[in-house]
Asks: 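Following this message is one structure expressed as structure tokens.
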Amino acid sequence: MHDDERVSDELEALQAILMEEIKINCDESGQAVGLETEIHPWTALDTETQYVRLTLEVTLPPGYPDVRPNVTLSNPRGLDDSLLTSLHKEIEEKCSQNLGQPVIYEIYEIIKERLTNSNRPSVPCCICLYGFRQADQFTKTDCYHYFHSHCLAGHLTASENIFKEEQDKLPPWQQTATFQALCPICRASINYDVETLRTADPPQELEEAPRTFQPTPELRVLQERMEALYLRQRSKGGIIQEDNKTLLLTEESNGESNANNR
Ligand SMILES: [Zn+2]
Ligand SMILES: [Zn+2]
């Protein structure tokens, strides 16, 4: 598998431990040039409570282990950038300390331990943009995306309603499609019972958020721009309605405007 015995021993040990979870890449001559493994937190066999994961990709440059391996962390789920940055740093240090000896299993263990300690999504729910508190009920999709169950219920109901409205616009013989819920982030198919999700409480942070809405400076600028656009459209004789993209003629048009001179 590798000319260097230190490396072939290391790869054999990794295969014995990780079994089908590790993929070793070889060149045409059968020499191992890299490997890939998806890492999950330690939760015994309970995959339902694994909320974070990432893929460790290692390429073995000629001369490894006397030369440091190239390590890439890809497909992170539920992990924020600061955690990934500090993980990268820790791996870099480990590689520097271990020059001359195999280091891949140690890298694997560093990641596994970090994932186990952060086995709670540290990214916010993309539906409500609030984080996950201890008491929040949340749903992990098969694609490893997280939503408050409450938020996901709302999203699924809304998307099914939109789907039905679109279907109703079609002639009956074209109304053949059935609704398939999709993950709001990656659009993978997801299947959940909305009634069950709906029994979850709203996210805690949302509940605690101040009730009075305070527009941000960016939003104020946007409001001003939209108002200017609205006034210009009105003075030119027609307002484009966003919801159904129709042109509403305004009084200022004095009957001269039509849809062609926008
Ligand atoms: Zn949410
Ligand atoms: Zn997804």
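Computed over heavy atoms, backbone and side chain alike; hydrogens, waters and symmetry mates excluded. None of the values given here were measured: they were computed from a predicted structure.
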Asks: Do you know the tightest heavy-atom contact between Asp136 and Gly131?
Replies: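 Distance-wise, the nearest heavy atoms are OD2-O, 3.6 Å.
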Asks: What closest approach, in Å, do Val194 and Ala153 show between heavy atoms, and which atom pair accounts for it?
Replies: CG1-O, 3.9 Å
Asks: Under a 3.5 Å threshold, yes or no: a donor from one side chain and an acceptor from the other, between Glu57 and Ser74?
Replies: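 Judged by distance alone, the side chains do pair up.
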Asks: Would a 4.5 Å heavy-atom cut-off, applied to side chains only, mark Leu222 and Arg225 as touching?
Replies: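 Yes, close enough: below the 4.5 Å cut-off.
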Asks: Quick one: OG1 on Thr85 to CG on Leu83, what's the gap to the nearest 0.5 Å?
Replies: 8.5 Å
Asks: Identify the heavy atoms of Ala32 and Ile24 that sit nearest to each other, and give their distance.
Replies: CB-CG2, 3.9 Å
Asks: Hey, does the side chain of Gln180 reach the backbone of Ser189 with a donor-acceptor pair shorter than 3.5 angstrom?
Replies: no
Asks: Do Val123 and Leu79 come within less than 4.5 Å of each other through their side chains, counting heavy atoms only?
Replies: no
Asks: Would you say the side-chain atoms of Gln137 and Ser149 include a donor-acceptor pair closer than 3.5 Å?
Replies: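 Gln137 vs Ser149: no donor-acceptor pair found between side chains.
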Asks: Just to verify, what does Glu109 make a salt bridge (charged side-chain N to carboxylate O under 4.0 Å, His left out) with, not counting sequence neighbours?
Replies: none
Asks: For the hydrophobic clusters of this structure (ILVMFWY residues joined by side-chain heavy atoms under 4.5 Å, transitively), does one cluster hold both Ile91 and Leu84?
Replies: yes
Asks: Heavy-atom distance under 4.5 Å between the side chains of Leu87 and Ile110, does that happen here?
Replies: yes
Asks: If you draw a 6.0 Å radius around CD in Gln175, do more than 12 non-hydrogen atoms from other residues or ligands fall strictly inside?
Replies: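 Result for CD/Gln175: enclosed.
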Asks: Could you walk me through whether His155 and Phe147 satisfy the ring pair (Phe, Tyr, Trp, His ring centres under 6.0 Å) test, starting with their C-alpha distance in whole Å, then the side-chain angles of each, then the deciding distance to 0.1 Å, before giving a yes or no?
Replies: CA-CA 10 Å; His155 170 82; Phe147 311 98; 7.4 Å; no
Asks: Write down the atom of Ala200, the atom of His150, and the distance for their closest heavy-atom approach.
Replies: O-ND1, 3.6 Å
Asks: Would one find more than 12 heavy atoms of other residues, nucleotides or ligands at under 6.0 Å from atom CD of Glu5?
Replies: no
Asks: Does any donor atom in the side chain of Tyr130 or Glu207 lie under 3.5 Å from an acceptor atom in the other side chain?
Replies: no
Asks: Does a donor on one side chain and an acceptor on the other come within less than 3.5 Å for His88 and Glu90?
Replies: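 His88 vs Glu90: no donor-acceptor pair found between side chains.
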Asks: Answer yes or no: is there a side-chain heavy-atom contact under 4.5 Å between His40 and Leu115?
Replies: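 His40 does not reach Leu115 side chain to side chain.
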Asks: Tell me which pairs pass ring-ring contact (aromatic ring centres under 6.0 Å, His included) where either residue lies in residues 173-200, with sequence neighbours left out.
Replies: Phe163-Phe179
Asks: Does any part of the side chain of Leu56, heavy atoms only, come nearer than 4.5 Å to the side chain of Leu73, both counted from C-beta?
Replies: yes
Asks: Starting at CD of Glu12, measure out to CD1 of Ile17 and round the result to the nearest 0.5 Å.
Replies: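 Result: 12.0 Å between the selected atoms.
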Asks: For the atom pair CG (Leu14) and CD1 (Ile22), what is the distance rounded to the nearest 0.5 Å?
Replies: 4.5 Å
Asks: Can you sort out the partners of Arg133 under salt bridge (charged side-chain N to carboxylate O under 4.0 Å, His left out), two or more places apart, ordered by chain and number?
Replies: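 So Arg133 forms a salt bridge (charged side-chain N to carboxylate O under 4.0 Å, His left out) with Glu208.
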Asks: What's the verdict on side chain to side chain contact (heavy atoms under 4.5 Å, CB included) for Arg187 and Cys143, showing C-alpha distance, side-chain angles and the deciding distance?
Replies: CA-CA 9 Å; Arg187 305 189 64 75; Cys143 46; over 6 Å; no
Asks: Is there side-chain contact between Glu38 and Arg53, with at least one heavy-atom pair below 4.5 Å?
Replies: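 Contact flag for Glu38/Arg53 side chains = yes.
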Asks: Nearest heavy-atom pair of Pro41 and Val52: which atoms, and what distance?
Replies: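 The answer is CD-O, 3.1 Å.
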Asks: Any carboxylate oxygen within less than 4.0 angstrom of a Lys/Arg side-chain nitrogen, looking at Arg198 and Asp193?
Replies: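 Salt bridge absent between Arg198 and Asp193.
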Asks: Is it possible for you to say whether Leu18 and Ile39 belong to one hydrophobic cluster, with membership spreading through side-chain heavy-atom contacts below 4.5 Å?
Replies: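 Linked within one cluster.
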Asks: Could you tell me whether the side chain of Thr37 and the main chain of Glu21 form a donor-acceptor pair under 3.5 Å?
Replies: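 Indeed, once roles are kept as given, a pair shorter than 3.5 Å links the two residues.
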Asks: Considering only heavy atoms from C-beta outward, does the side chain of Asn75 approach that of Leu54 to under 4.5 Å?
Replies: no
Asks: Drop me the distance from Glu195's CD to Leu156's CG, to the nearest 0.5 angstrom.
Replies: 11.0 Å
Asks: Could you tell me if Lys140 sits above the aromatic ring of Tyr144, with its cationic atom closer than 6.0 Å to the ring centre and no more than 45 degrees from the axis?
Replies: yes
Asks: Hey, could you give me the SG/OH distance between Cys95 and Tyr64, rounded to the nearest 0.5 Å?
Replies: 8.0 Å
Asks: Going through the checks in order, is the side chain to side chain contact (heavy atoms under 4.5 Å, CB included) test met by Cys128 and His148?
Replies: CA-CA 8 Å; Cys128 69; His148 297 109; 3.3 Å; yes
Asks: Under 4.5 Å between side-chain heavy atoms, counting indirect links through other Ile/Leu/Val/Met/Phe/Trp/Tyr residues: same cluster for Leu197 and Ile185 or not?
Replies: yes
Asks: Kindly determine whether Asp66 and Arg6 satisfy side chain to side chain contact (heavy atoms under 4.5 Å, CB included), including the steps that lead there.
Replies: CA-CA 10 Å; Asp66 298 316; Arg6 289 171 297 177; 3.0 Å; yes
Asks: Output all residues satisfying salt bridge (charged side-chain N to carboxylate O under 4.0 Å, His left out) with Lys169, sequence neighbours left out; order by chain, then residue number.
Replies: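 With neighbours one apart ignored, the set is Glu166.
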Asks: Near Glu227 CD, under 6.0 Å, is it more than 12 heavy atoms from other residues, nucleotides or ligands?
Replies: no
Asks: Kindly give the cluster partners of Leu182, where membership spreads through any ILVMFWY side chain lying under 4.5 Å from a current member.
Replies: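 Cluster partners of Leu182: none, it stands alone.
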Asks: Just how far is it from atom CG of Leu206 to atom CG of Leu129, taken to the nearest 0.5 Å?
Replies: 10.5 Å
Asks: Can you give the donor-acceptor pairs under 3.5 Å from side chains of residues 96-105 to other protein atoms, not counting sequence neighbours?
Replies:
{"from": "Ser96", "atom 1": "OG", "to": "Arg68", "atom 2": "NH2", "distance (Å)": "2.5"}
{"from": "Ser96", "atom 1": "OG", "to": "Glu92", "atom 2": "O", "distance (Å)": "3.0"}
{"from": "Asn98", "atom 1": "ND2", "to": "Glu106", "atom 2": "OE2", "distance (Å)": "3.1"}

Asks: Quick one: does Leu11's side chain get under 4.5 Å of Leu35's, heavy atoms only?
Replies: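 The answer is yes; the side chains approach within 4.5 Å.
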Asks: Is it the case that more than 12 heavy atoms not belonging to Asp142 sit under 6.0 Å from its CG atom?
Replies: no
